[in-house]
Amino acid sequence: MTASENELRVLVVAPTGRDGTIICNVLAGNGISCTTLSTSEMARSEVNAGAGAVILAEEVLTLPDIAAWAAQLAEQPSWCALPFIVLTVGGAVDLQNQQRELARQPLGNMVTLERPVRPGTLVNAVQSVLRARGRQYQIRDFLAERHAAEEALRKTEKLAVAGRLAATLSHEINNPLASVTNLLYLISISSSLDDAKRYAGVAVRELARVSEIVTENLRFHKESTTPVAVHVAQVVNTALDLYQARLAAAEISIERDLRECSPVLGRPGELRQLILNLLANSVDAIGRDGILRIRIAPTHEHNNGSRPGVRITIGDTGPGIRPDVRNTLFEPFVSTKGNTGTGLGLWVSSEIVRRHGGTIQVKSRAHPPFTGTVFSVFLPTHPSWIPARRSGEVHDYQREPYVFLA
């Protein structure tokens with residue numbers, strides 16, 4: 001049998017007499033795939049190859065056997081609840097029967113049938129649990145498709161970030177190269193050796209600037225994807241260096257408040273992508289002639305066990321975010337940039353923060369005279385690298401005066 005064929009087969013453990021063979025014959029006669037086994041241990045091994053349900057005779061379920069089943073079931077994925085049909089001994093309900101019923105509770109998704117069982121009753125019970133099992137497989141496939149779609153979205157955003165980085169790097173490198181071109185021309189027409197040496201010295205410094213930009217970016221892209229100690233201030237300064245020319249051209253002033261902080265355990269490439277996304281949003285929101293304020297400070301997350309960490313606050317004096325957009329800001333394809341944005345940047349950013357065990361919040365006001373947006377990211381010093389709920393939180397402060405990074 002293939003894995004897909006095994007998914008709806010029934011495993012039967014009924015070693016008394018010919019019970020197992022008779023049950024399989026009845027089920028096979030109704031088009032239900034079935035395998036008879038002599039012990040529960042064999043059934044637990046076969047479950048790993050795929051099973052739609054397990055039929056167990058009561059007499060094979062000893063306490064150690066139930067414990068072994070419980071341990072295996074605890075490793076099931078979230079979508080999975082393997083169905084059991086337990087064939088019990090007929091008779092009046094007494095204390096011993098009740099104790100056995102309690103002992104079988106760790107099996108979880110369980111149906112009991114009292115022997116002797118009519119063939120029609122058995123077939124109906126098996127068909128019912130197999131229909132439920134089929135719905136579990138549908139949930140599994142849906143979750144797999146959703147995961148694949150999310151991975152595709154992340155890759156799309158990474159490509160978009162790579163494109164923005166390439167454009168920014170081209171702009172940053174072009175400026176010193178243009179200066180070098182002009183300096184070489186001045187050297188070629190200079191009649192003074194001292195002037196030529198001075199021009200050559202400036203050209204060397206401009207080329208050193210190009211080398212510095214390229215080296216700094218290559219260093220980030222070659223770093224390991226495993227968590228390491230990251231100094232957030234260094235990541236922020238490197239990101240700001242990339243935007244230096246664009247900020248100057250747009251007459252956007254930067255106010256930095258980078259306080260001394262302990263390093264956080266994280267993935268440098270992802271944290272850099274997070275900072276670049278937030279900076280890009282702020283710069284786009286300001287447009288021209290505004291203020292970009294950045295603060296990094298040590299802090300504790302008081303609502304979650306006082307975890308020590310670092311808070312990154314990035315604020316702008318842009319037009320703010322409309323309330324109807326604010327509540328879905330961290331969802332895929334939600335953008336305030338019209339056709340120029342992918343709508344994936346903040347969603348990817350929130351996923352990066354979540355993977356680092358942190359939180360991201362936004363405060364915004366879109367009504368003049370006080371407008372602007374502040375993103376606040378908390379990164380714990382020692383995160384737990386486990387999947388968690390979405391970390392994005394949106395706050396609406398429409399009735400409060402907008403205090404910029406107060």
Would you check if the side chain of [X] reaches a backbone N or O of [Y] as a donor-acceptor pair within less than 3.5 Å?
X: T112; Y: V86; result: no
X: T371; Y: P368; result: no
X: T317; Y: I291; result: yes
X: D316; Y: L292; result: no
X: S282; Y: L278; result: yes
X: D19; Y: P15; result: no
X: S128; Y: N124; result: no
X: S364; Y: I321; result: yes

[X] versus [Y], closest heavy-atom pair with distance:
X: A203; Y: V180; answer: O-CG2, 3.9 Å
X: I23; Y: A14; answer: CD1-CB, 4.4 Å
X: P83; Y: G52; answer: CD-O, 3.3 Å
X: L63; Y: A103; answer: CD2-CB, 3.9 Å
X: A239; Y: L276; answer: CB-CD2, 3.7 Å
X: A250; Y: G287; answer: CB-O, 3.5 Å

### salt bridge (charged side-chain N to carboxylate O under 4.0 Å, His left out): pairs with one or both residues in residues 70-79, sequence neighbours excluded
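Every pair satisfying salt bridge (charged side-chain N to carboxylate O under 4.0 Å, His left out) with a residue in residues 70-79: there are none.
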### Query
Applying salt bridge (charged side-chain N to carboxylate O under 4.0 Å, His left out), which residue pairs with at least one partner in residues 137-147 are found, sequence neighbours left out?
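Sorted result for residues 137-147: E7-R140.
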By salt bridge (charged side-chain N to carboxylate O under 4.0 Å, His left out) - contacts of [X] (at least two apart):
X: E251; value: R288
X: E59; value: R115
X: R198; value: D195
X: E260; value: none

### Task
State plainly whether the residues E46 and R9 are in salt-bridge range, i.e. N to O under 4.0 Å.
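Here E46 pairs with R9 in a salt bridge, since their nearest N and O are under 4.0 Å apart.
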side-chain hydrogen bond (donor to acceptor under 3.5 Å, both in side chains) involving [X] - partner list, sequence neighbours excluded:
X: S40; value: D65
X: N109; value: none
X: E101; value: R104
X: T381; value: none

### Task
Check the pair R311 / S376 against side-chain hydrogen bond (donor to acceptor under 3.5 Å, both in side chains), numbers first and verdict last.
CA-CA 7 Å; R311 184 166 298 281; S376 177; 2.8 Å; yes
### Task
Step by step, work out the salt bridge (charged side-chain N to carboxylate O under 4.0 Å, His left out) result for R295 and E255.
CA-CA 8 Å; R295 175 191 293 168; E255 296 184 5; over 6 Å; no
### Task
Please identify each residue that fulfils ring pair (Phe, Tyr, Trp, His ring centres under 6.0 Å) with Y137, with sequence neighbours left out.
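Counting only residues at least two positions away or on another chain, Y137 forms a ring pair (Phe, Tyr, Trp, His ring centres under 6.0 Å) with W79.
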### Message
Going by the rule ring pair (Phe, Tyr, Trp, His ring centres under 6.0 Å), which residues pair with F378 if we only count those two or more places apart in sequence or in a different chain?
### Response
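So F378 forms no ring pair (Phe, Tyr, Trp, His ring centres under 6.0 Å) with any residue.
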### Task
Please determine which of V232, V235, I312 meets the side chain to side chain contact (heavy atoms under 4.5 Å, CB included) test together with V264.
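Going through the options one by one, the only one that passes is V232.
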### Task
Examine the side chains of R135 and Q138 and answer whether a donor and an acceptor come within less than 3.5 Å of each other.
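Side-chain D/A pair, R135 to Q138: absent.
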### Task
Determine, step by step, whether R44 and E41 satisfy the salt bridge (charged side-chain N to carboxylate O under 4.0 Å, His left out) criterion, reporting the C-alpha distance in whole Å, the side-chain angles of both residues, the deciding distance to 0.1 Å, and the verdict.
CA-CA 5 Å; R44 285 192 293 275; E41 184 178 0; 5.2 Å; no
